[in-house]
Amino acid sequence: MDRASQRTQILANHLLQSSPPSPLSSNACLSYSPPELSENYAFDVKEMRRIIDGHNVEERDWLFGLMRQSKLFNPKEKGGKVFVSPDYNQSMEQQREMTWKRIEYLLERGVFKGWLTEKGEAVEMWKFAGFEVSSIYDHSLFTKLGVHFFLWGGAIKFLGSKHHHEKWLMDSENYLIKGCFAMTELGHGSNVRGVETVTTYDSNTGEFVINTPCESAQKYWIGGAANHATHTVVFSQLHINGTNQGVHAFIVQIRDADGNICPNVRIADCGHKIGLNGVDNGRIWFDNVRVPRENLLNSVADVSPDGKYLSSIENPDQRFAAFMAPLTVGRVNIACTAVYQSKVALAIAIRYALTRRAFSLKPNEPEVLLLDYPSHQRRLIPLVAKIYAMSFAANYLKMLYVKRTPQSNKTIHIVSSSFKATFTWNNMQILQECREACGGQGLKTENRVGHLKGEYDVQSTFEGDNNILMQQVSKALFAEYVAAQKRNKAFKGLGLEHMNKPCPVIPSQLTSSTLRCSQFLVDALCLRERDLLNRFIADVSKCKAEGESTQQAFLMCYQLAEDLGRAFSDRAIFQTFIEAEATLPAGSLKDVLGTLRSLYALICLEDVSYVRYGYLSVENGASVRREITKICSELRPHALALVTSFGIPDAFLSPIAFNWIEANSWSSD
Amino acid sequence: MASSVSSQHDQILVEVNSSARILTLNRPKQLNALSLQMICRMLELFIAYEEDPNVKLVILKGKGRAFCTGGDVAAVVHDIRTGGWRAGANHFMKGYTLNYLMATYSKPQVSILNGIVMGGGNGASMHGRFRVATENALFAMPETAVGLFPDVGASYFFSRLPGFFGEYLGLTGARLGGAEMLACGLATHFVPSAKLSMLEAALYAVDSSDPEIISSIIDQYSEQPSLKEQSVYNRLDVIDRCFSQKTVEEILSALEREAVNGRDRWISATIQTLKKSSPTSLKISLRSIRVGRLQGVGPCLVREYRMVCHVLRGEFSKDFLEGYRAILVDKDKNPKWEPSKLELVTDTTVDRYFAKVIGEDWDDLKLPVRSKFNLPPYVIAKL
């Protein structure tokens, strides 16, 4: 035994000694060197993943595994590794059938158990995690599930009452009923209150009669309607005895169990799209379709058997707002999944940049790794910081939602609108940057980054157009200001408490340590929000003083409104980062998060508004930029660890993230 | 011609045959259970062969009716009793280091599986490029029956089997024959034992490390055995439906549902096996395979080392010592597991097996540096 352990010691020394990487010879063929062998992890990447995923890590991995192990998810071997991704070269019809088969498979495995029938924070968080993971595989899969569980299921839960829940939720959870959500029309999208579908009540038969009176009233983009859905929730004006009571929601069966379209319903296809071709979007016309009185989702308002309109909410504005409840959870869900697409793309782009070389600095020297170019670092590493910031903000948003109370509804509406718009815009920008950073390889569908742009573009439109959502944020901040002034009360909520304090002052000379001080960074972000809110109030008041209506004044001040919306979002996101950082024990993980936190705030400070409105002098603006490049090079050694911590399994990345030479070799084709 | 450079008493016999090196595990009475000495000797040899340009190929086989039945559990338990759990952990540290070296080896390893291959025997073969099974091959990873979990990198190679077959093998310890090993991918080739000497002679003549060339040579002696009708591999649809469930409890209830529908003896036997295994082992094994599916081979071994240290420490459960007593010492086959039921093993307890060991100067498994070798693509893909 002694001899054995002595030998072991010698062996261990031999094995553990590291040798310097062999210099590349300039005339040899390129060989792929996996980044894992040359890059070290300075912190625990699994712990980091736990922190940024925030919840349900084991369940996420279970769901990843379910997809990874099934032929239905189209596994393909490239460069010795298996990748799962839909075959986007299939026809639209085939893609739709595959999406449906995948849902059936996950259903059979029990993935959706409790998603509509169980209550509580635990199942709601698992549902969010499940959606994030399914979106990493394919946005069509995510969207079809989202329509069924969040829109159809959510409408029944939020807008229906007990007998609706008992009748529909269990069958929906088991997909005996496949639901869709008919809100948008050809002529009305964001302005839901203007929909033209009309419903009347026939007290002789106790039925509602739903009608599409003109072509612009056809329901449009209804996910699931073209092929699979058996039922829909229809949003329609409700006319009772000649009075329009506004938009209400009704359950209508559109197909029988055999898939035949029901009488007096006409359905057409929306056709091929720039993405999401695995979702069967359709158009629906209702030709005086009759449904029983019980099919009105009546938690907000009801019609008595003899045709009297009854509502617990008198104010039609508030009544309408109550009908929009299912869209809020959809916005939370979209915001969170946008972050995961950014993670996929950036993990691919960084891994590629750690293995692809281009140009030598001197003749006969090895070519330089893409990520060793300061310019390439400057393109990708700020995106890492942005993704970390959005991850913390997404976790905050999910918690805000699952712990909702009647008092927090307004905050949820504003924060979810702001984050949904910001994250989905950021995502598109990140996808584009990553696509370009991967050069030509970014254009291949199998490499995902470029393709994701088409798949995710829709996120800036559905569940509320981003521009309109951001206008709502500015208007809400305006209302907060007015309310605080009127009642002569302090600001409370939405993180606006900083407005009660004296205005922060930016030092005339910004040193490196100031630029990394969280208090300074908070001050700088609050300063912009405070000043833009003041300016917005002043400009709107000025317009009104000149005789414009409030609505017209908002429209005219749109530029300030946009800047203010962004200032609110940046500050709110940053605050969640600071709060998450504060909960961690000192150590290498907290150190790297601190650096990322500074970088995130500094790229916000680099926004043109800081110079436009004079918060930063030209010199200070230059200091900010200098600090950003410094931090990028400091974070360069952590790049692999930071994207590994995203926790995206290899099979869900793409061939260029791994051995792209082998994946493209003659024998691999 | 072969030149022998070892004596008959060595636990590893070494033959040098032009550019091939043939290592024979030579503890036939113990069914070639791996002693620490054998592991260290193999480490030494594999390291030397990797740097020796004259070596193109390493062949590994076992003397007698076993290829290798795994680690020397009796020695591990002895070391724990005399030197504390850290002494036992040392066996595993060396073993896993060898597994990693084999998994990332820059030259092809051909393992001849002409007999029993269990536990650590799989660690010494499955990570290599070629695994040749014969009609005598008998595969199993029965760790959950002795209070351990499928280690030696099993969370890597089990999780890469088709569907959820890996979960099935890992949780039940089910045995496979050579034909089944080939069908599921644990073996790369099936060669009848009668042709082994010809195959070996042909391999000695190869002066190449090119896996394509070596594969085509083994192909010449290979056969496509047919699976027996009652083979478990023909139950893959049932296995997939049940063993894909989220938790061990849900796997059991899915099997029970199938049993009601099917009245199948195989299903009830599977249920019985699971009910007899250590509840803690089952839960950590399932988690290990699930996590392993999303990790490279290195991180799998690092994690398994953490897990095995917790098992040996016995802070949460002493099932390993109890399993050793009941199966290998008293042979009463009636271990008293503690916790005794699945529902008593909480997620938080399972989490602890995956965390670092706190204090006691403990450190994670340090994997050997591999960047100085020109690793072939099939190795790079495993990292």
Side-chain angles (χ1 to χ4, degrees), chain A residues 1 3-8 10-12 14-22 31-38 44-47 57-59 61-66 68-71 77-82 105 108-111 113 647-652 658-659 661-663 665 667-668, chain B residues 35-41 43-44 47 75 79 90 93-94 97 100-101 104 159-167 212 240-241 244-247 250 254 287 289-291 293-296 298-299 303 347 350-351 354 356 366-372 374-383:
Chain A
M1 193 58 72
R3 228 182 106 223
S5 44
Q6 196 183 0
R7 198 186 286 157
T8 305
I10 297 165
L11 286 175
H14 181 104
L15 287 168
L16 297 177
Q17 80 183 20
S18 59
S19 56
S22 57
S31 69
Y32 174 84
S33 171
E36 280 79 4
L37 293 185
S38 48
D44 184 345
V45 293
K46 286 173 75 179
E47 186 54 28
V57 172
E58 272 73 43
E59 284 92 346
D61 285 351
W62 171 56
L63 185 47
F64 277 129
L66 283 179
R68 163 72 179 71
Q69 291 306 99
S70 165
K71 292 267 184 296
E77 202 184 310
K78 288 267 173 180
K81 289 186 90 84
V82 172
Y105 167 84
E108 205 180 76
R109 267 36 182 196
V111 173
K113 211 171 84 190
I648 316 285
D650 295 357
F652 293 77
F658 298 94
N659 191 347
I661 297 182
E662 179 66 13
S665 70
S667 56
S668 296
Chain B
S35 64
L36 186 57
Q37 204 183 342
M38 289 163 89
I39 293 170
C40 291
R41 178 74 178 136
L43 268 172
E44 197 174 62
I47 290 167
D79 282 1
N90 189 41
M93 181 191 277
K94 297 299 171 308
T97 306
Y100 183 70
L101 190 62
T104 58
S159 60
R160 265 88 181 155
L161 297 183
F164 295 83
F165 199 56
E167 273 95 333
E212 304 261 335
D240 274 358
R241 272 201 301 277
S244 61
Q245 300 290 323
K246 191 157 62 178
T247 61
E250 283 165 301
R287 171 87 68 89
I289 295 168
R290 295 271 163 91
V291 176
R293 183 162 282 136
L294 310 174
Q295 288 181 323
R303 174 177 39 72
D347 285 351
V350 175
D351 287 345
F354 293 78
K356 290 188 175 197
K366 292 273 178 294
L367 298 170
V369 173
R370 308 295 292 146
S371 52
K372 58 182 165 175
N374 201 1
L375 301 177
Y378 63 84
V379 166
I380 288 175
K382 293 189 214 172
L383 294 171

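Chain letters run A, B, ... following the sequence lines, proteins first and then strands; every chain starts at 1.
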Undergrad: Could you tell me which portion of Y105(A) (side chain, backbone, both or neither) has an atom closer than 4.5 angstrom to a non-hydrogen atom of chain B?
TA: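 Only the side chain of Y105(A) comes within 4.5 Å of chain B.
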
Undergrad: Answer with side chain, backbone, both or neither: which region of S159(B) has an atom nearer than 4.5 Å to a non-hydrogen atom of chain A?
TA: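 Contact with chain A involves the backbone of S159(B) alone.
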
Undergrad: Select one option (side chain, backbone, both, neither) describing which atoms of D240(B) are under 4.5 Å from chain A's heavy atoms.
TA: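 D240(B) touches chain A through backbone and side-chain heavy atoms alike.
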
Undergrad: Rounded to the nearest 0.5 Å, what separates atom OG in S33(A) from atom CD1 in I380(B)?
TA: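 With rounding to 0.5 Å, OG (S33(A)) is 7.0 Å from CD1 (I380(B)).
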
Undergrad: Answer yes when E58(A) and R290(B) have at least one side-chain N-carboxylate O distance shorter than 4.0 Å, and no when they do not.
TA: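 No, no charged N to carboxylate O under 4.0 Å.
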
Undergrad: Could you tell me whether the side chain of W62(A) and the main chain of R287(B) form a donor-acceptor pair under 3.5 Å?
TA: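 Checked: no pair found.
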
Undergrad: State, to 0.1 Å, how close L383(B) and D650(A) come at their nearest heavy-atom pair, and which atoms those are.
TA: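 Scanning both residues, the minimum pair turns out to be O-OD2, 4.5 Å.
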
Undergrad: Identify the heavy atoms of A381(B) and G79(A) that sit nearest to each other, and give their distance.
TA: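 That would be CB-O, 3.7 Å.
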
Undergrad: Kindly compute the distance separating NZ (K246(B)) from CG (L66(A)), expressed to the nearest 0.5 Å.
TA: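 Rounded to the nearest 0.5 Å, the NZ-CG separation comes out at 10.0 Å.
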
Undergrad: Side chain, backbone, both or neither: which part of P162(B) has an atom under 4.5 Å from a heavy atom of chain A?
TA: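 The backbone, not the side chain.
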
Undergrad: Measure the spacing between CD of Q69(A) and CZ of R293(B) and express it to the nearest 0.5 Å.
TA: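 Nearest 0.5 Å value for the CD-CZ distance: 3.5 Å.
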
Undergrad: Can you tell me how far the CD atom of E250(B) sits from the NZ atom of K113(A), to the nearest 0.5 Å?
TA: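 E250(B) CD to K113(A) NZ: 4.0 Å, rounded to 0.5 Å.
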
Undergrad: If I measure from the heavy atoms of chain B, does E662(A) come under 4.5 Å with its side chain, its backbone, both, or neither?
TA: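 Only the side chain of E662(A) comes within 4.5 Å of chain B.
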
Undergrad: Need one label for L161(B): side chain, backbone, both or neither, based on atoms under 4.5 Å from any heavy atom in chain A.
TA: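 Just the backbone, heavy atoms under 4.5 Å.
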
Undergrad: Give, as side chain, backbone, both or neither, the part of D61(A) having an atom under 4.5 angstrom from any heavy atom of chain B.
TA: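 Both the backbone and the side chain of D61(A) come within 4.5 Å of chain B.
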
Undergrad: Examine whether an atom of K71(A) lies under 4.5 Å from a heavy atom of chain B, and if so say whether it belongs to the side chain, the backbone or both; otherwise answer neither.
TA: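 Looking at K71(A), nothing touches chain B.
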
Undergrad: Start with the C-alpha distance between R109(A) and R241(B), add both sets of side-chain angles, then the distance that settles side chain to side chain contact (heavy atoms under 4.5 Å, CB included), and finish with yes or no.
TA: CA-CA 7 Å; R109(A) 267 36 182 196; R241(B) 272 201 301 277; 4.2 Å; yes

